[in-house]
Undergrad: 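Dumping the structure here so I can ask a few things about it.
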There are 2 protein chains.
Amino acid sequence: MLSKTDAEGVRAHNRRIVIEHLRVRRRTTRRAAADATGLSLSSAAAITSALIRNGLVREIPEAEEDAPLARVGRRGRPERRIALLGEAAYVIAARVAVGEIAVRLSDYAGTSLAEATRETSIAGFDADAIAGVIAALIETVASEARLASCDRIGRIGRIVVAVQGKVDTSRGSIVWSPALKTRNIEIGPAIEARTGIGVGVENDCSLMPEGFRWDGSSVRSGLATILIGFGVGMGIAVAGDPFTARQRASTEFGHINHYPGGALCRCGNRGCVEAYAADYAILRSAGGAPPDEIIARRIDESLMHAIADRARAGEAQAAGAFETAGLALGYGLGRVFTLIDPLPLVFTGSGSHAMDLLEPSIRRGIAESAVAGEGADVPFTVVEDADALIFDAATNRALGDLDQVFAASERETRDAAE
Amino acid sequence: MLSKTDAEGVRAHNRRIVIEHLRVRRRTTRRAAADATGLSLSSAAAITSALIRNGLVREIPEAEEDAPLARVGRRGRPERRIALLGEAAYVIAARVAVGEIAVRLSDYAGTSLAEATRETSIAGFDADAIAGVIAALIETVASEARLASCDRIGRIGRIVVAVQGKVDTSRGSIVWSPALKTRNIEIGPAIEARTGIGVGVENDCSLMPEGFRWDGSSVRSGLATILIGFGVGMGIAVAGDPFTARQRASTEFGHINHYPGGALCRCGNRGCVEAYAADYAILRSAGGAPPDEIIARRIDESLMHAIADRARAGEAQAAGAFETAGLALGYGLGRVFTLIDPLPLVFTGSGSHAMDLLEPSIRRGIAESAVAGEGADVPFTVVEDADALIFDAATNRALGDLDQVFAASERETRDAAE
DNA sequence: AGACTTTTTCCAAGCCTCGTAAAAAATGGT
DNA sequence: ACCATTTTTTACGAGGCTTGGAAAAAGTCT
């Protein structure tokens, strides 16, 4: 059931869309905000002024104007440009992956301030131990960014954790992760208890499209991100409202069945996409190992590069491994496109280094499996650094969460106290 | 970008949720509406009173109360029960399928008033010819329901067409249909031009979950409908807001690839779910025909019943055909569940008569293809009459569209003129 | 210095929701 | 038969939000 609205709700909603506009156009004016949001000039001005009073937005002094050329020979009162105020709040993006926990601190304007990584196996850790590691990393980045003093760390308003593995977002728990031995670890509440900050827990691949959240056109047309690495994962943002993307939970693309009874996957099933397209699958296929062998050890990226080079040099078995991988990915994508709709694709992860080898067979797989081959011509983009993309995505999600909170309630101007 | 809200928007929204409440609880009171929607008593009363003035809602006279027992020995002023007024408007649900065009007239309260069918091949028809058939059928049902007089037929406020085949909802066109020879037929505008009534065009299978739109719990938990007949189709309603379900367009479940390079499908691809689970696939498999043979003719339902009976009697080849079909369905569902989430299932269509034969292998297929076999235990429901379900769905969609229009603008009380 | 232009702020009008008070309509007891 | 009680419904003023127009502010151009 939809919930009711009232006057306050209207204000909250309109504050929200103004903030959203500020996120997309990083610098704007009151008039531009009014035009873009459809609000009247009066309302847009009232809202922006309130946001300035609340310390969420600042007027940019002329001195800082990095584009004075725009204002040459224009008559009339010059516009006051406004932007989100970085110091208004801070957010933490955290990654939990096999062998590594990492944290990035960003300010409210979205600029990254500091990162810290702890390379360690957390296989045996419980929720509190993981929360401890993350809290320590937060201390590190906070002090690195000189936010160490007590009242300053309190300005961190939101933490979003991107986890490799299946999560339960509503409970903030890790249902299952390759990085962990035990299941159902309630990491969200544990971090909240330790830091006193609100925490969101998401699957890293599902979260990835959020990295393009305020890129304008990217998300408006919908978007799917595909991570090819030790596993295979996908994130989907349906066209239109980026907020609805929040609903989709567990797109376990890597474990969509490709070939019934096929190659053995780490998950125990047979024939998953991952069992053909992940690093370990390409490795075992290129090495001529039987498709029942599970390679549990961590695979060095340089090894994958070597196999790719062998394939590029024309070695049949290596080339065949990449072709098989591409076909599995293509069939999987064709199935998704048949179910949802063709979407532009963003590839990332170590496997994306071999897109020259994969692309032809991916497109062929889509053509063979989608109705009328639709979607075989969607645009491909490659983002090499998957970890950075995950950080971006988690940061954007955290900022969006914060926006919602800030829009909901007119905050007291605590900055006045300082 | 989200759009702004203002006071009028608030009223429209709140009117909407009151109407929605009236749809779910067919009879209610002002107080109950206030409680359910979260609105204050004043506002709920103001809105309901306005709806009554606008002729959308009626107060039920005591004489009509079918449950006087509820009001026994209760003190205080008795409540005025209210309900949607059937005569407020009328809607048309139309089905376009192979060999058949059918139409149902319903009133604003959702009660079906009349149906009419024209059994004919429309293979060579263009948009205007199809629109002509539908318009004629509308005349038939309108006169049957004694709405023939000119001002009365004008009370039909919305037409929703459920098409067998792929549609483009935004343009109101049939991209491709097994019932038609030509592609991209803009049926929506053609019907609008002929009748002057707003038209929505949807795929029949995608629309089906709308049949459960106001069933309370059904949609709240999400739902997938699966039609097994001459083809295989699916409709998905994601958990939560039933309105967002509107976004999903072309869930061509039947053409999700099941087995790469497998049995030949009518669509020309190999290995689609449909090529194993549709009527024609079961027929060819049970008959020992090669998996490359395409059966184009319409298959009589009694023939399928006969094959099912042979399978029940233990004939190996027939039983094997159903098992193969169930496995293909199960793998397809497992893939969907892996991508989206496990959902309760509603089966319909001629194939649902053989659910006793299919269910075990469907569940096995899900178990083998979904991560950790999740979703193998979702509840199955069978609705035998697929055509009726499609009618229900199209009617509900049309009523929902109308609700939105009526909620948006306070209409003049045209009933006062009568 | 004055005219002109553009941005920003200020203010009364119009909606909407909400809480409270008053009116309406039935029951139960005397 | 009449009055107190109970519950629903309506009426009304308060407060918040958006809006359009007027006024003020802050520049450029002649």
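Each chain gets a letter, A, B and so on, in the order the sequences are listed, and its residues count up from 1.
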Undergrad: Measure CZ/B:Arg81 against C1'/D:dT9 and give the value in whole Å, please.
TA: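 Rounded to the whole Å, the gap is 17 Å.
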Undergrad: Among residues at least two apart in sequence or on other chains, which ones pass side-chain contact (heavy atoms from CB on, under 4.5 Å) with A:Ala12?
TA: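 Applying side-chain contact (heavy atoms from CB on, under 4.5 Å) to A:Ala12 gives none.
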Undergrad: Return the polar atom pairs (N/O with N/O) between nucleotides 17-21 of chain C and the protein under 3.5 Å, or none.
TA:
unit_1, atom_1, unit_2, atom_2, d
C:dT17, OP1, B:Asn14, ND2, 3.0
C:dT17, OP2, B:Arg11, NH1, 3.0
C:dC18, OP1, A:Lys4, NZ, 2.5
C:dC18, OP2, B:Ser40, N, 2.9
C:dC18, OP2, B:Ser40, OG, 3.1
C:dC18, OP2, B:Ser43, OG, 3.0
C:dG19, N7, B:Ser42, OG, 2.9
C:dG19, O6, B:Ser42, OG, 2.9

Undergrad: Using atom CG of A:Leu51 as one end and atom C1' of C:dT8 as the other, report the distance to the nearest whole Å.
TA: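 Whole-Å distance recorded here is 16 Å.
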Undergrad: I need the full list of salt bridge (charged side-chain N to carboxylate O under 4.0 Å, His left out) pairs touching residues 104-113 of chain A, with sequence neighbours left out, sorted by first then second residue.
TA: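 Matches after skipping sequence neighbours: A:Arg104-A:Glu115, A:Arg104-A:Asp392.
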Undergrad: May I ask you to say what A:Ser49 touches in the nucleic acid, namely base, sugar-phosphate or nothing, with a heavy-atom cut-off under 4.0 Å?
TA: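 Sugar-phosphate, no base atom in range.
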Undergrad: Considering residues at least two apart in sequence or located in another chain, which fulfil the side-chain contact (heavy atoms from CB on, under 4.5 Å) criterion with B:Ala46?
TA: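 For B:Ala46 the side-chain contact (heavy atoms from CB on, under 4.5 Å) partners, ignoring immediate neighbours, are B:Arg11.
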Undergrad: Distance check: side-chain N/O of B:Arg30 vs OP1/OP2 of D:dT10, anything under 4.0 Å?
TA: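 It does, given that an N or O in the side chain of B:Arg30 lies less than 4.0 Å from OP1 or OP2 of D:dT10.
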Undergrad: What pairs with A:Asp168 under side-chain contact (heavy atoms from CB on, under 4.5 Å), at least two apart in sequence or on another chain?
TA: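 A:Asp168: side-chain contact (heavy atoms from CB on, under 4.5 Å) contacts with A:Ser170, A:Arg171, A:Ser173, A:Val175.
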Undergrad: CZ of A:Arg31 versus P of C:dT6: gap in Å, rounded?
TA: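 So the two atoms are 9 Å apart, to the nearest Å.
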Undergrad: Taking atom P of D:dT8 as reference, at what distance in whole Å does atom CD1 of B:Ile82 sit?
TA: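 Spelled out: CD1 on B:Ile82 to P on D:dT8 is 13 Å.
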Undergrad: Can you list the residues that meet the salt bridge (Lys or Arg N to Asp or Glu O under 4.0 Å) rule with A:Glu59, with sequence neighbours excluded?
TA: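 Scan of A:Glu59 (salt bridge (Lys or Arg N to Asp or Glu O under 4.0 Å), adjacent residues dropped) gives A:Arg30, A:Arg80.
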Undergrad: Can you list the stems that include DNA chain D, where a stem is three or more consecutive Watson-Crick or G-U pairs with distances under 3.5 Å?
TA: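 Only these stems qualify: C:1-30 with D:1-30.
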Undergrad: According to side-chain contact (heavy atoms from CB on, under 4.5 Å), who are the partners of B:Ala33, at least two apart in sequence or on a separate chain?
TA: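 B:Ala33 satisfies side-chain contact (heavy atoms from CB on, under 4.5 Å) with B:His21 once adjacent residues are dropped.
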Undergrad: Could you tell me if the side chain of A:Ile82 sits less than 4.5 Å from the side chain of A:Ile60, heavy atoms only?
TA: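 Sidechains of A:Ile82 and A:Ile60: no contact.
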Undergrad: Under the salt bridge (Lys or Arg N to Asp or Glu O under 4.0 Å) test, which residues partner A:Asp403, sequence neighbours left out?
TA: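 A:Asp403 satisfies salt bridge (Lys or Arg N to Asp or Glu O under 4.0 Å) with A:Arg23 only.
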Undergrad: Report the distance from atom NE2 of B:His13 to atom C1' of D:dT18, rounded to the nearest whole Å.
TA: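 To the nearest whole Å, that distance equals 18 Å.
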